[in-house]
Every structure is written in structure tokens, then in C-alpha cells.
Amino acid sequence: MLDVDLHHGASTDVGLVRKVNEDSYLVAPPVFVVADGMGGHSGGDVASQMVVEEFQRLAESYDPQRGAELVADAFTRAQARIVDYGDAHRALQPGWHAGTTAVVAVLVVDDGVTKWLLANLGDSRIYRIVERRLEQVSVDHSVVQELIDSGHITSEEAAVHPERHVITRALGSPEGIQPDFFLLPLGSVERLLLCSDGVTGMIEDEEIEEILESVADPRDAADALVRAAVAAGGRDNATAVVVDVVGLVKDATYDSRRQLESLESKLGGRL
């Protein structure tokens with residue numbers, strides 16, 4: 001089995017318009033999460049934090065042999081908590097809403113091989129850098145993505161579409177949840193980015209790629225992405241988590257004593 005070391009960085013900002021940061025994130029190697037809440041103060045921020053709390057529980061006793069099952073269970077627990085929370089508030093305030101998107105990355109062992117398991121609900125995104133190219137892995141659960149897929153609008157038109165912020169799947173939905181899962185070989189991901197739409201809604205993929213390719217330290221890269229989103233207008237909360245796998249990144253400059261932990265030690269030597 002592999003002894004996998006991860007470099008990671010995270011950054012978040014409330015932006016220039018919102019009063020409350022409804023984004024939450026988790027960096028608990030080998031578990032990484034970004035959640036973008038919806039519903040305002042005591043709605044979206046609580047919902048996104050509930051997701052992070054459930055994945056923190058997962059990280060504390062994580063078994064990479066059961067990664068997919070454990071991720072699905074964490075989603076289910078978070079969904080139940082958010083729905084119960086929303087029901088309690090709607091009893092006092094009809095129309096009140098709490099929900100959140102989520103993107104998740106965990107390392108799993110699949111047929112004896114360490115791989116990335118990625119999952120998403122909503123329009124927060126997962127990107128990877130592979131062979132110096134940025135590639136979006138997740139597919140947005142949104143009205144405009146459905147219109148793109150059906151050929152009714154282009155990606156350029158989607159950027160200014162009046163319903164570009166309307167999502168079709170989210171935690172807290174009374175219709176239930178249906179996350180997408182992606183299983184990727186470890187070597188196919190040189191750098192991984194999880195981010196809220198406060199980043200992707202403000203800066204183009206070309207700028208995201210330039211930052212991820214030019215900024216070696218993942219902590220600095222996460223900060224640079226969020227700063228760029230705020231500088232571009234900061235219309236939403238912006239959050240970015242950047243993860244590198246040691247030996248796959250081009251530049252090894254990193255303060256390993258401060259933030260680097262091996263997957264083997266985190267999992268008690270089970271890999």
C-alpha cells in the first residue's frame with residue numbers, strides 16, 4: 001500500500017456584499033470539504049456547518065477501505081439534521097429555509113490501490129490540475145448546467161443567465177439528496193481544488209488555472225484564489241481548499257513540519 005503525503009491550504013472570505021459567511025470548510029486529511037450554505041444567517045451558515053461537523057466525525061475514525069460507504073453515511077446524517085433544523089424553524093416562520101451545497105474529497109483504498117473519491121451536491125466545484133491543465137471534475141447541479149447540457153445555451157450565456165444561481169440539488173432539500181461520485185487514480189491528480197461558487201462566479205477558469213499553476217504552496221494558492229474573487233467584486237462568500245499529493249506536484253516547497261501529515265499516520269498504519 002502507499003504512504004501518501006498531502007500538502008494542503010484553505011482560505012475563505014465573506015466578500016464585499018454579504019454580511020455573513022455562509023461557507024464552511026474542513027481540512028482533516030485525508031478528508032476535505034467545502035460547503036456553501038443557503039438561507040441567510042442561522043440558515044445557510046448553520047446548514048454548511050452541519051455538513052462539516054458530520055465529515056469531521058467521519059475523519060476522526062476514517063477507514064479508507066469503506067470510504068464510499070462512510071461518505072454516503074455522512075451525507076445522510078447531514079441531510080437529516082438540516083431537514084429537522086429547517087422543519088423546526090418553519091413551524092415558527094413559514095417559508096424559512098436552510099440548505100447547502102457540498103463538495104468532498106477523500107482518499108480511499110479501492111481493490112488495494114489508493115485513489116481519490118470525490119463527491120458533489122450543488123454548484124460548488126471540484127477541479128484538478130493534470131499535465132499542467134485545469135479540468136473541472138464535478139458537474140454543476142444547476143438550471144444553467146441543464147440548459148447547457150440540452151444545448152439551449154452556451155457556457156458564455158450561462159455566465160450571465162438570470163437563473164445562473166438556481167441549483168437543482170442540495171442538502172436540506174425535502175426531495176432528498178443524490179450526490180455524484182467520482183473515483184480517480186491518485187496519479188491523475190497533481191493538484192486538487194474544492195471551491196464555492198463565490199470563487200468560480202467571480203473569476204474565469206483561465207485565471208484559476210494560472211493561479212494554481214504559478215503558486216507553488218497550496219496555502220498561498222488558496223489565499224490567492226479567494227483574494228482574486230474578492231478583488232473581482234466579491235459578490236458572494238468565497239472559499240477555496242487546495243490539496244497536493246507529494247511526489248506528484250512540480251514544486252516541493254512546503255513547511256512540512258508545520259502542516260504535513262502522512263495518510264499512513266492519520267489512519268493508524270492501515271495503508
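All values below were derived from every heavy atom in this structure, side-chain atoms included, with hydrogens, water molecules and symmetry-related copies excluded.
For Y85, the ring-ring contact (aromatic ring centres under 6.0 Å, His included) test picks out H89, W96, with sequence neighbours left out. Residues that satisfy the salt bridge (Lys or Arg N to Asp or Glu O under 4.0 Å) test with D180, not counting sequence neighbours, are R169. Partners of F55 according to the ring-ring contact (aromatic ring centres under 6.0 Å, His included) rule, which considers only residues two or more places apart in sequence or in another chain, are F75. Take D45 and apply the side chain to side chain contact (heavy atoms under 4.5 Å, CB included) test, not counting sequence neighbours, and it matches V20, E22, H41. In this view, D87 and R90 satisfy the salt bridge (Lys or Arg N to Asp or Glu O under 4.0 Å) rule, not counting sequence neighbours.
What you find for T12 and T239 is that their closest heavy atoms are OG1-OG1, 2.6 Å. The heavy-atom pair separating I82 from G172 by the smallest distance is CG2-CA, 3.5 Å. Between E210 and S214 the shortest heavy-atom distance is O-OG, 2.7 Å.
Looking only at side-chain heavy atoms (C-beta outward), V104 and F32 stay at 4.5 Å or farther from each other. The closest side-chain heavy-atom distance from L193 to L225 is below 4.5 Å. L118 places none of its side-chain heavy atoms less than 4.5 Å from the side chain of V103. Counting heavy atoms from C-beta outward, V46 and Q49 have side chains that stay 4.5 Å or more apart. For the pair R125/I208, no side-chain contact is recorded, criterion being any heavy-atom separation below 4.5 Å from C-beta on.
Note on V83 and V51: separate hydrophobic clusters, where clusters join Ile, Leu, Val, Met, Phe, Trp and Tyr whose side-chain heavy atoms are under 4.5 Å apart, directly or indirectly.
Checked against L70 for a side chain to side chain contact (heavy atoms under 4.5 Å, CB included), the options D63, V108, L117 give a single hit: D63.
The pair E60-R57 fails the salt-bridge criterion, with no side-chain N (NZ, NE, NH1 or NH2) lying under 4.0 Å from an Asp/Glu carboxylate O. Ion pair D236/R18 flagged as a salt bridge, since at least one NZ, NE, NH1 or NH2 atom sits closer than 4.0 Å to an Asp/Glu carboxylate oxygen.
Legend: salt bridge (Lys or Arg N to Asp or Glu O under 4.0 Å) pairs involving residues 28-39, not counting sequence neighbours: none detected.
In this model, a donor atom of one side chain and an acceptor atom of the other lie less than 3.5 Å apart for S24 and S48. At a cut-off of 3.5 Å, with distance as the only test, a side-chain donor of S196 or D23 sits close to an acceptor on the other residue.
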